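Numbering of residues begins at 1 and proceeds along the displayed sequence. Whatever order the structure lists them in is the order used to number ligands and atoms, beginning at 1. All values derive from a computational prediction rather than experimental measurement.
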Amino acid sequence: MYLNIKPIKPSIGAVIDGLDLNHLDSLQLNHIHQALLQHHVIFFRNQQLSATAQMSLAKSFGDLHIHPIYPSVEDVPEIIVLDSWKQDLRDNELWHTDVTFSQTPPLGCVLQAIKTPSQGGDTLWASGQAAFAALTPDLQKKLRGLTTTHDIRHSFPIERFAHSAEEREKLEQTFKRHPPVVHPLVRTHPVTGLPTLFVSEGFTTKINELDAIESSKLLAFLFLHSTREEFHLRWKWQEGDVAIWDNRCTQHKALFDYGDEHRIMHRATIQGDVPFYLTG
Ligand SMILES: O=C(O)CCC(=O)C(=O)O
Ligand SMILES: [Fe+2]
């Protein structure tokens, strides 16, 4: 056994002990990649990763993505800073899968807790795979082959994210570069081949093949179902914790329940590919 892996729930999550993420050999990295496929989100305690070290860990999974809206660490555009004293972070409070407003949503992310509040500020992750597997075969059949629309405006409303004419213009330009995109409602994981529910409240606005009422009712059900307690875990952060998640088969939300206390997270985002659904 190369890694000390402690699963959190059968459906999602594991803690990996005894590693310094600054010094990994290729075998350990390989096992981390495998653990991510199996557990969807993995956690490491007591890490101290510089922005560059966090970036190189993330790069072991693929090229990195630069977010169109969030600010980053100075001189390291690949590391996003989420700072509760500087930004409106309410978009992260909705269950969401990162950047699904893009044609090629990220493969995954590496998130590090830099500053944690004295209470609260937990993050929840849910498994779309477990959620899909728990549906009745009839509903699974109905959902396979449907498509959805994902829209950046849904999570970044202009009135909250633009406070001046200049910011408004910038955000309008970002929206123009990111028109709504279509994704399969059930996604085949490109590595494991397993089907996953690929909807989230943050960005999914409609099911394209249904009329408006049917679409909003079914989406409301799927949002509720996919985030049920059995399919999600809740992580209580300590400074120096690192989480890596597979963004192709999970969604997450960050609780904003710590008043005006200070919370800072650093995130590296790994580029992904075009979601697809394989029948059969
Ligand atoms: O702040 C957090 O815990 C997570 C925020 C989030 O949604 C993200 O980093 O993708
Ligand atoms: Fe997120």
Next item on the list: Take H31 and I16 through the side-chain contact (heavy atoms from CB on, under 4.5 Å) test and state the conclusion after the steps.
Entry: CA-CA 11 Å; H31 283 269; I16 302 183; over 6 Å; no

Margin query: Can you confirm whether or not the ring centre of H40 sits under 6.0 Å from the ring centre of W125?
Written below: no

Check: Do side-chain atoms of D241 reach the backbone of Q47 as a donor and acceptor pair under 3.5 angstrom?
Finding: no

Notebook entry, point to check: What atoms in ligand 1 come closer than 4.0 Å to a heavy atom of N92?
Noted result: 5 (C), 6 (C), 7 (O)

Next item on the list: Below 4.0 angstrom from a heavy atom of M265, which ligand 1 atoms are there? Numbered from 1 as shown, please.
Entry: 1 (O), 3 (O)

Next item on the list: Kindly report the NE2-the Fe ion (ligand 2)-OD1 angle for H96 and D98 respectively, rounded to 10°.
Entry: 90°

Note to self: I need the atoms of ligand 1 closer than 4.0 Å to a non-hydrogen atom of R267, numbered in the order shown.
What the structure shows: 8 (C), 9 (O), 10 (O)

Next item on the list: Kindly say whether T100 contributes a backbone atom to a donor-acceptor pair with the side chain of T97 at under 3.5 angstrom?
Entry: no

Next item on the list: Determine yes or no for a side-chain-to-main-chain donor-acceptor pair under 3.5 angstrom, with Q251 supplying the side chain and A126 the backbone.
Entry: no

Note to self: List ligand 1 atoms under 4.0 Å from L82, heavy atoms only on the residue side.
What the structure shows: 5 (C), 9 (O)

Next item on the list: Say whether H96 and ligand 1 are in contact under the criterion: heavy-atom distance to a ligand atom below 4.0 Å.
Entry: yes

Check: Judged by non-hydrogen atoms, does W245 sit under 4.0 Å from ligand 1?
Finding: yes

Note to self: Can you tell whether the side chains of R263 and D122 come within less than 4.0 Å, N to carboxylate O?
What the structure shows: no

Check: For ligand 1, is any non-hydrogen atom under 4.0 Å from K253's backbone (N, CA, C, O), its side chain (CB onward), both, or neither?
Finding: neither

Note to self: Ignoring hydrogens, what is the shortest heavy-atom contact between Q54 and A268? Give both atom names and the distance.
What the structure shows: NE2-N, 3.7 Å

Check: Any idea which protein heavy atom is nearest atom 1 (O) of ligand 1, and the distance to it?
Finding: R263 NH1, 2.8 Å

Notebook entry, point to check: At a 4.0 Å threshold, what atoms of ligand 1 neighbour a non-hydrogen atom of D98?
Noted result: 10 (O)

Item checked: Atoms of ligand 1 close to T123 [distance to a heavy atom under 4.0 angstrom, numbered from 1] -> 2 (C), 3 (O)

Checklist line | Mutual orientation of the aromatic rings belonging to H225 and F221 [parallel < 30°, tilted 30-60°, perpendicular > 60°] | finding: parallel

Note to self: Show me which atoms of ligand 1 lie under 4.0 Å from any heavy atom of L111.
What the structure shows: 2 (C), 3 (O), 4 (C), 9 (O)

